*Asks:* 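Structure in structure tokens, see below.
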Amino acid sequence: MRRIHVGNALSAFGLGFTVPYLYVYVAQVRGLGAMTAGTVLAVFAVAALMVLPFAGRAIVRRGPLPVLLAALVTAALGALGLGLAGGAVSVLLAAATLGAGQAVTQPALATMIVDCSSADTRSRAFATQFFLQNLGLGVGGLIGGHLVDTTRVSSFTLLFAIEAAMFLLLVVVMATVRMPYSPRLADAPAASVKGGWKQLLGNRAMVQLSVLGFVLFFACYGQFESGLSAYGVEAAGISTSALGTALAANTLMIVVAQFAVLRFVERRRRSRVIAGVGLIWAVAWLVAGYAGLGHGSQEMATAAFVSTYALFGLGEAMLSPTVAPLVADLAPEGMAGQYNSAFALVKQLALAVGPAVGGPLGASLHAPYVVTFLLFSLGITVLALRLGRRLTVAQDQPWVAARSRVVARGGAPAESLAA
């Protein structure tokens, strides 16, 4: 598990190194223009959408570790290709390679966490993963910003080379992992192999969680660097430096609050924790509305906008030990890889649609933008409570089920268990 967490941190550090500067690199440093740069960013999402439907089956058939190693080598080649590419075609091909490799690492690492944890430790394991990812992204972005120089292509080549080295270092670290045995499709009857996706779509609780996940990612992550930032600049008059402060406040909230929040949520119903996140994000959108529409001083508007990002961070810290373990607990034995990949696919869809919808809306229709995503946040609460009715005790309250198993092993009478 320690190696897996190191892997998460290294992967996030490498991405934080380059992703914030990708647009500038393609459009200005390579001189390929804004259209090509925008296409490169879209290619990341398209590549992920293309490979994730197949990644789940590969993880279940071969195990998460071989799939992870192949994905990391692919991502390293894509990163190195971006640093060396000079034309539009080569840049797009390298971006697609990096996007595909990075997309597959997410469900592979998540499945490794599932295989290396128990129901009792899973929430803490995923909370640690999310903490290290945000820390890695923040540190990587900070260091990368000091290395780049828009007047020198070589500084960006160095940046992408370091990212590729991070992925290859992760290959070395992960190659030393010895995974516990986990049932795979090769061990199952042929009928279950063919019916993997059909079985997943027949799981009503998983379908409801996927719909809920789409709304979560659409209303939060899909707005961070598109609609919400455009709204802040256009409606609230937020400067670029204040926008950077808001993004830093989001990361800082996650890093500071993650384990304090974990103590609170790990003994609560998962469905109600997610419902609570919807309410917190609704408050965040109200605060954002004040920032852009409240006609207060510029200082108050800036403070409100930074607070909006911090509130989103609090909600994210509550989701990290909740949603990913729930996906794992909904998966039948041996199918965690497919369920993780399906949920990652939902996330990528939301991240592709979110900026396309939120960007123009946040830049021009300020009040409708805030109202729309306020309603989406309240919708999260409604969907989470409805999902809770379909979950078993073990899925919604795993600590209760664990306590019952301990009592049962001790030979307690049935009346005690019923109580």
Side-chain angles (χ1 to χ4, degrees), residues 56 107 110 114 119 122-123 126-127 130 196-223 261-262 264-286 311-332 335-336 338-354 357-358 370-402 404:
V114 172
R122 197 161 290 151
S123 292
F126 277 104
F130 190 67
W197 278 102
K198 183 178 180 181
Q199 181 185 12
L200 188 152
L201 293 173
N203 187 330
R204 295 292 297 277
M206 183 59 191
V207 171
Q208 285 191 15
L209 179 59
S210 297
V211 172
L212 174 59
F214 180 89
V215 178
L216 282 167
F217 292 114
F218 176 77
C220 176
Y221 299 91
Q223 303 308 312
V261 166
L262 177 63
F264 173 77
V265 305
E266 63 184 353
R267 289 295 182 265
R268 303 292 190 280
R269 290 176 181 265
R270 286 169 170 170
S271 57
R272 292 183 182 176
V273 170
I274 301 172
V277 170
L279 295 177
I280 291 172
W281 286 356
V283 173
W285 284 108
L286 288 173
L311 286 169
F312 275 120
L314 178 60
E316 292 173 74
M318 294 170 64
L319 288 175
S320 62
T322 305
V323 175
L326 180 54
V327 173
D329 289 347
L330 286 172
M335 295 289 289
Q338 186 138 18
Y339 275 57
N340 282 324
S341 293
F343 199 75
L345 179 62
V346 168
K347 178 180 178 180
Q348 288 296 329
L349 281 170
L351 294 180
V353 175
V357 174
V370 171
V371 172
T372 297
F373 285 95
L374 172 62
L375 293 176
F376 267 107
S377 298
L378 295 175
I380 290 170
T381 299
V382 174
L383 290 171
L385 293 176
R386 290 187 62 186
L387 174 64
R389 300 190 196 115
R390 196 170 285 277
L391 299 177
T392 66
V393 172
Q395 292 163 348
D396 203 21
Q397 306 173 72
W399 77 93
V400 173
S404 298

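Keep in mind that this is a model prediction, so the values were computed, not measured.
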*Asks:* Looking only at heavy atoms, which two atoms of Ile380 and Trp281 are closest? And how far apart?
*Replies:*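 Smallest heavy-atom distance, with atoms named: CD1-CE3, 3.8 Å.
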*Asks:* I need the Leu279 CG to Leu378 CG distance, nearest 0.5 Å.
*Replies:*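 Spacing of CG (Leu279) from CG (Leu378) equals 7.0 Å.
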*Asks:* Can you name the nearest heavy-atom pair linking Asp396 to Ser271, along with the distance?
*Replies:*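 Closest approach of Asp396 to Ser271: OD1-N, 2.9 Å.
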*Asks:* Check this for me: Arg390, atom CZ, are more than 12 non-hydrogen atoms of other residues, nucleotides or ligands nearer than 6.0 Å?
*Replies:*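 Yes, the 6.0 Å shell around CZ holds more than 12 heavy atoms from other groups.
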*Asks:* Which atom pair, heavy atoms only, marks the closest approach of Leu262 to Pro321?
*Replies:*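 Smallest heavy-atom distance, with atoms named: CD1-CB, 3.5 Å.
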*Asks:* Any chance you could measure Met206, atom CE, to Leu387, atom CG, to the nearest 0.5 Å?
*Replies:*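 These two atoms lie 10.5 Å from each other.
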*Asks:* Sequence neighbours left out, what passes side chain to side chain donor-acceptor pair (under 3.5 Å) with Ser123? Give chain and number order.
*Replies:*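 For Ser123, no residue satisfies side chain to side chain donor-acceptor pair (under 3.5 Å) once neighbours in sequence are set aside.
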*Asks:* Do you know the tightest heavy-atom contact between Gly213 and Phe343?
*Replies:*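 Closest pair (atom of Gly213, atom of Phe343, distance): CA-CZ, 3.9 Å.
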*Asks:* In Å, rounded to the nearest 0.5 Å, how long is the span from CG of Leu212 to CZ of Phe217?
*Replies:*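 Here the rounded value is 9.5 Å.
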*Asks:* Kindly compute the distance separating CG (Asp329) from CZ (Arg270), expressed to the nearest 0.5 Å.
*Replies:*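 Here the interatomic distance stands at 4.5 Å.
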*Asks:* What is the distance from atom CG of Leu216 to atom CD of Glu316, rounded to the nearest 0.5 Å?
*Replies:*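 Leu216 atom CG to Glu316 atom CD measures 10.5 Å (nearest 0.5 Å).
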*Asks:* Do you know which of Asn203, Leu326, Val346 makes side-chain contact (heavy atoms from CB on, under 4.5 Å) with Leu209?
*Replies:*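 One option only clears the test, and that one is Leu326.
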*Asks:* Please name all residues satisfying side chain to side chain donor-acceptor pair (under 3.5 Å) with Gln208, sequence neighbours left out, ordered by chain then number.
*Replies:*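 Expected list: none.
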*Asks:* Minimum heavy-atom separation for Val207 and Leu201, please, with both atom names.
*Replies:*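 Shortest heavy-atom contact: CG2-O, 3.4 Å.
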*Asks:* Has the side chain of Ser341 got a donor or acceptor atom that lies under 3.5 Å from a matching backbone atom of Gln338?
*Replies:*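 No; judged by distance alone, with no hydrogens or angles, the pair does not exist.
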*Asks:* If you look at every heavy atom in Val114 and Phe126, which pair is closest and at what distance?
*Replies:*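 Of all heavy-atom pairs spanning Val114 and Phe126, the closest is CG2-CZ, 4.0 Å.
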*Asks:* To the nearest 0.5 Å, what is the distance between SG on Cys220 and CZ on Phe376?
*Replies:*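 The SG atom of Cys220 sits 13.5 Å away from the CZ atom of Phe376.
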